[in-house]
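Notes to accompany the following structure.
Counting begins at 1 with the first residue of the sequence.
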Amino acid sequence: MVSYVTEEIPPSVWYGWGDPARAKPLGEGALGFLRTTLGLADVDPDRPPVEHSAVRVAPSRLAEPALDELRSICGAGHVSTARDERILHAGGKSTPDLLRIRGGDALAAPDAVIAPGNDEQVRRILEVCVRHRIAVVPFGGGTSVVGGVEPLRGPFTAVITLDMRRMAALLDIDPLSRTASFEAGIRGPGIEAALQSHGFTLGHFPQSHQEATLGGYLATRSAGQASTGYGRSDALVKTVHLETPAGPMDVGSPSPGSAAGPRLLDLVVGSEGTLGVVTSATMMIAPLPAHKSYGAWSFPDFEAGATALRLLEHEGRRGDMPHVCRLSDADETAATFKLGGFKTGLLASYLSRRGQSTPALALFLWEGPKAETAARKRRSARILRAAGGVPLGPMPATAWEHGRFSGPYLRDELLTRGVYVETLETATTWTKLGATYAAVRTAILAALEARGGRGYVQTHVSHVYPDGASLYFTFLGSLEDDAQAQNARVKGAASRAIVAAGATITHHHAVGTDHAPYLGAEIGELGIEVLSSIKEALDPSGIMNPGKLIPAPTNTATTEEKP
């Protein structure tokens with residue numbers, strides 16, 4: 001059987017991603033690529049984060065009576081107002097979060113960090129926070145890239161971060177029904193380690209896998225890199241236990257199907273901590289696959305590659321779709337070949353001789369019994385070849401899998417070298433995919449180059465559906481003096497282009513603060529009122545994660561670049 005276990009890693013460093021020992025400096029080839037592509041004469045590391053001792057933190061506003069009550073609930077050792085703990089929870093991993101903290105600004109850090117140990121403690125903490133008018137930010141791995149865990153006080157006297165790290169157990173596993181129940185604070189590697197000892201996997205591997213938690217998966221409707229095979233988090237979840245200021249609530253059904261009214265589970269999944277705290281959930285699980293088979297194909301251009309993915313979905317035999325289905329556009333493919341070393345350089349030369357001068361690279365991974373996997377791969381190959389694909393063997397796909405969790409480390413290195421880097425994603429129908437790709441890419445480039453610099457945009461499809469696919473954009477430019485304004489300008493332009501194209505404002509990064517101004521364009525003003533009414537019922541005091549998901553009444557998708 002194939003094992004997915006990856007070791008648990010330490011909590012994030014205060015200024016960036018993960019364990020700094022895992023970060024790798026950019027090689028000379030990558031530095032040369034940046035100089036040429038972005039027109040940078042100098043990419044020396046001259047923008048490091050400030051010294052930890054220089055980070056500015058405001059005094060805690062949490063009154064002593066409230067602190068005493070919280071300590072009596074969790075124990076003094078699990079209630080912290082320490083400077084270091086507050087800095088670690090001063091935000092998530094969005095570019096604005098990192099720009100602030102790297103510059104030494106943790107003035108908005110939470111007034112305390114609380115680590116409950118069970119449902120009852122969560123319930124009692126919320127009761128205290130209602131009485132003392134304290135805002136609550138649920139916190140799992142802290143990996144939000146859209147401002148989802150920014151500790152906003154709103155109209156409240158103070159704000160606490162509710163860190164779920166102590167609630168990280170496998171509660172139950174049912175091998176016959178193929179379900180497992182976990183506490184919400186368990187991280188991705190912990191989930192896999194617990195399940196694989198029983199011969200199962202969750203099959204959910206977002207890029208944040210090593211740090212993100214199950215509660216975070218569900219609160220943001222995350223979609224793992226193997227979602228084409230295993231399904232998104234919202235397709236895998238069966239039940240959720242939610243602790244709200246109005247009381248505990250269990251949503252979903254352990255039954256395989258139910259017609260008992262609207263699914264309240266769908267109100268909780270994707271609610272981003274604005275309704276309550278996800279403390280546990282039951283998930284569908286799958287047997288560990290006996291075999292993994294890799295494949296890479298090249299297509300004449302991104303459009304031809306997208307057509308091939310659509311044909312795989314529409315014309316392939318049911319169950320033949322790869323578990324991982326990833327298509328890069330010409331710019332991302334070019335970057336992959338230029339930075340991948342000697343072997344990928346040979347691939348580029350080979351494809352040029354085959355008439356593909358600006359190829360689009362597709363990576364696939366099939367999982368299952370060996371003979372069945374080989375048959376699925378063989379039938380898929382007939383469709384890919386008929387769509388103009390050139391087979392490249394397994395190497396590009398195995399190389400991608402080896403480094404698939406390393407991208408966030410690269411962002412830290414780029415920021416240190418004065419390179420602005422950001423990502424965003426959307427999804428749309430096959431009919432609109434090409435136009436959406438072109439419009440968003442054009443908007444990003446124009447915004448990047450609005451101050452006279454150069455920009456670079458690369459895109460890939462990472463999730464495929466019967467009716468459409470996702471688009472994931474990564475873009476780079478020279479870091480301007482006012483980097484926060486730069487980020488707001490570029491992301492605002494991209495978001496408006498997404499809305500204008502009729503695509504979703506977010507495919508798997510959730511809403512947070514970044515996308516909240518554009519949510520009304522997707523669900524309508526009445527939809528916003530419905531969400532607000534649900535929040536009023538479960539959180540009448542409004543203490544749960546204020547400022548996230550539900551846009552403020554004055555914000556509109558056409559006039560606001562940033563909440």
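Note that NZ of K548 and NE2 of H515 are 14.5 Å apart. Values are rounded to the nearest 0.5 Å. Once rounded to the nearest 0.5 Å, the distance linking OH of Y217 with OG of S208 reads 6.0 Å. To the nearest 0.5 angstrom, L26 atom CG is 5.5 Å from L414 atom CG. We find the OG1-OH distance between T398 and Y294 to be 7.0 Å, quoted to the nearest 0.5 Å. Going from atom CZ of R187 over to atom CD of Q210 covers 10.0 Å, rounded to the nearest 0.5 Å. Between the CD atom of E401 and the CG atom of L363 there is a distance of 11.0 Å, given to the nearest 0.5 Å.
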Taking it one step at a time, do L433 and R310 satisfy side-chain contact (heavy atoms from CB on, under 4.5 Å)? CA-CA 11 Å; L433 192 73; R310 177 175 57 80; over 6 Å; no
Under the side-chain contact (heavy atoms from CB on, under 4.5 Å) rule, what do R454 and T37 come out as? Steps first, then yes or no, please. CA-CA 8 Å; R454 289 191 203 169; T37 303; over 6 Å; no
Check the pair Y230, H204 against ring-ring contact (aromatic ring centres under 6.0 Å, His included), reporting the backbone distance first and the verdict last. CA-CA 7 Å; Y230 289 103; H204 192 74; 9.6 Å; no
Go through Y472 and H508 one step at a time and tell me if the ring-ring contact (aromatic ring centres under 6.0 Å, His included) criterion holds. CA-CA 10 Å; Y472 190 104; H508 59 263; 5.8 Å; yes
Test log, rule side-chain contact (heavy atoms from CB on, under 4.5 Å), inputs I498 and Y518: CA-CA 9 Å; I498 288 170; Y518 309 96; over 6 Å; no
Test I550 against I528 for side-chain contact (heavy atoms from CB on, under 4.5 Å), laying out the working first. CA-CA 7 Å; I550 302 173; I528 298 296; 4.2 Å; yes
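For the residue pair S406 and R22, no side-chain donor N or O sits within less than 3.5 Å of a side-chain acceptor on the partner. Residues S298 and Q356 have side chains that bring a donor and an acceptor to within less than 3.5 angstrom of each other. No side-chain N or O of S462 forms a donor-acceptor pair with one of Q225 less than 3.5 Å apart.
Other residues, nucleotides and ligands contribute more than 12 heavy atoms inside 6.0 Å of the CG atom of D42. Within a 6.0 Å sphere centred on CZ of R35, heavy atoms belonging to other residues, nucleotides or ligands number more than 12.
The minimum heavy-atom distance between A497 and A439, with the atom names listed, is CB-O, 4.0 Å. Shown here for Y15 and D412, the closest heavy-atom pair between the two residues is O-OD1, 4.5 Å. Scanning all heavy atoms of the two residues, the minimum distance from R83 to V57 falls at CG-CG2, 4.1 Å. Of all heavy-atom pairs between T436 and A503, the closest is CG2-CB, 4.0 Å. Residues E332 and Y456 share a closest heavy-atom pair of N-OH, 4.4 Å. Nearest heavy-atom pair, M544 versus T274, reported as atom, atom and distance to 0.1 Å: CB-O, 3.4 Å.
In this structure a side-chain-to-backbone donor-acceptor pair under 3.5 Å is missing from R100 to L107. Although no hydrogens or angles enter the test, the distance criterion places no donor-acceptor pair under 3.5 Å between the side chain of E313 and the main chain of M321. For D234 (side chain) and R221 (main-chain N/O), no donor-acceptor pair under 3.5 Å exists by modelled atom type. The backbone N or O of W17 lies less than 3.5 Å from no partner atom in the side chain of R411, so there is not a single donor-acceptor pair. Using a distance-only test at 3.5 Å, with no hydrogens or angles considered, a donor-acceptor pair links the side chain of S233 to the main chain of S222. Side chain of R102 to main chain of R47: a donor-acceptor pair is present (N/O by atom type, distance under 3.5 Å, no hydrogens or angles). Side-chain atoms of R489 come within 3.5 Å of backbone N or O of A447 as a donor-acceptor pair. Side-chain N or O atoms of S94 include none that pairs as donor or acceptor with a backbone N or O of V146 at under 3.5 Å. For the pair D97 (side chain) and G92 (backbone), a donor-acceptor distance under 3.5 Å is present. Side chain of E449 to main chain of G477: no donor-acceptor pair is present (N/O by atom type, distance under 3.5 Å, no hydrogens or angles).
Looking only at side-chain heavy atoms (C-beta outward), D331 and V457 stay at 4.5 Å or farther from each other. Taking 4.5 Å as the limit, some side-chain heavy atom of E413 sits within range of a side-chain heavy atom of P25. For the pair Y420 and T95, the minimum side-chain heavy-atom distance is below 4.5 Å. Contact annotation: the side chain of V464 never approaches that of L312 to less than 4.5 Å [non-hydrogen atoms, C-beta and beyond]. Under the 4.5 Å side-chain criterion, counting only non-hydrogen atoms from C-beta, L471 is not in contact with E425. Residues D329 and H460 have side chains not in contact (no heavy-atom distance under 4.5 Å, counting atoms from C-beta outward). Residues L392 and Y350 form a side-chain contact, since some pair of their non-hydrogen atoms from C-beta on lies under 4.5 Å apart. Annotation: side chain of F337 is in contact with side chain of P359 (closest heavy-atom distance under 4.5 Å).
Between W14 and H52, the ring planes are perpendicular. Angles over 60° get that label, and only those under 30° would be called parallel.
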